[in-house]
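To start, the structure itself, in structure tokens.
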Amino acid sequence: MEPMDIVGKTKEDASLPKATMTKIIKEMLPPDVRVARDTQDLLIECCVEFINLISSESNEVCNREDKRTIAPEHVLKALEVLGFGEYTEEVYAAYEQHKLETVDTVRAGKWSNNVAEMTEEEALAAQQRMFAEARARMNGVVTVPPKQQDPETEQKLDC
């Protein structure tokens with residue numbers, strides 16, 4: 001594959017994070033094995049090339065099915081076509097795990113988006129209230145949230 005084969009990007013644009021890849025490489029090897037920097041670079045290039053190969057074949061599988069979006073099934077079929085069929089079960093299991101983790105992240109993201117809509121003062125007040133409630137629960141005190149009075153009740157009290 002030539003440096004510009006990746007849809008108008010140079011080879012430098014289509015790379016993987018070195019620190020992450022180095023960590024993965026080291027985790028896969030025994031602790032007493034060292035890997036030269038140029039060997040790490042070569043492994044990273046192999047990974048990029050593999051991703052390009054799988055992506056390209058997945059796209060072809062997708063096109064043969066007259067689809068416009070590459071789905072996980074297309075990637076699994078591409079693995080089989082390219083001779084990596086023995087890995088499809090493991091890849092599918094990793095995909096299922098990813099889906100579970102993504103659902104949790106999306107749910108957490110929705111919650112944090114609501115919090116982001118608070119002003120700093122509101123967030124601080126909410127935090128202090130939660131701390132006070134937790135402290136009260138720890139001390140065995142039952143707390144009753146303060147009632148908000150409607151304007152009519154306030155007027156009757158003023159009389």
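Keep in mind it's a predicted model, so treat the numbers as computed, not measured.
In terms of the side-chain contact (heavy atoms from CB on, under 4.5 Å) criterion, residue partners of Ser55 (sequence neighbours excluded) are, by chain and number, Ile51. In this structure Lys67 satisfies the salt bridge (charged side-chain N to carboxylate O under 4.0 Å, His left out) test with no other residue, sequence neighbours excluded. Residues passing the salt bridge (charged side-chain N to carboxylate O under 4.0 Å, His left out) test with Arg64 are Glu57, sequence neighbours excluded.
Placement of Val61 and Leu53 in two distinct hydrophobic clusters is found when ILVMFWY residues are connected by side-chain heavy-atom separations under 4.5 Å, directly or transitively. No continuous path of ILVMFWY side-chain contacts below 4.5 Å connects Val81 to Ile54, so the two sit in separate hydrophobic clusters. Cluster annotation: Leu16 and Leu42 are assigned to distinct hydrophobic clusters (Ile/Leu/Val/Met/Phe/Trp/Tyr, side-chain heavy-atom contacts under 4.5 Å, transitive).
Within the structure, the side chain to side chain donor-acceptor pair (under 3.5 Å) test picks out the following pairs touching residues 32-43 (sequence neighbours left out): Lys18-Asp41, Thr22-Gln40. Among residue pairs with one or both ends in residues 38-79, those qualifying as ring-ring contact (aromatic ring centres under 6.0 Å, His included) are Phe50-Phe84; sequence neighbours excluded.
Using modelled atom types, one side-chain atom of Thr88 and one backbone atom of Gly85 make a donor-acceptor pair closer than 3.5 Å.
Other residues sharing a hydrophobic cluster with Leu43 under the 4.5 Å side-chain heavy-atom criterion for ILVMFWY residues are Ile25, Leu29, Val33, Val35.
Rounded to the nearest 0.5 angstrom, Asn52 CG and Cys47 SG are separated by 11.0 Å. Ile70 contributes atom CD1, which lies 10.0 Å from atom CD of Glu60 (distance to the nearest 0.5 angstrom).
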Please lay out, stage by stage, how Leu124 and Gln127 fare under the test side-chain contact (heavy atoms from CB on, under 4.5 Å).
CA-CA 5 Å; Leu124 183 59; Gln127 181 185 36; 3.7 Å; yes
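For Glu27, the CD atom counts as densely surrounded, since its 6.0 Å shell holds more than 12 non-hydrogen atoms of other residues, nucleotides or ligands.
Ser15 approaches Ile44 most closely through the heavy-atom pair OG-CG2, 4.0 Å.
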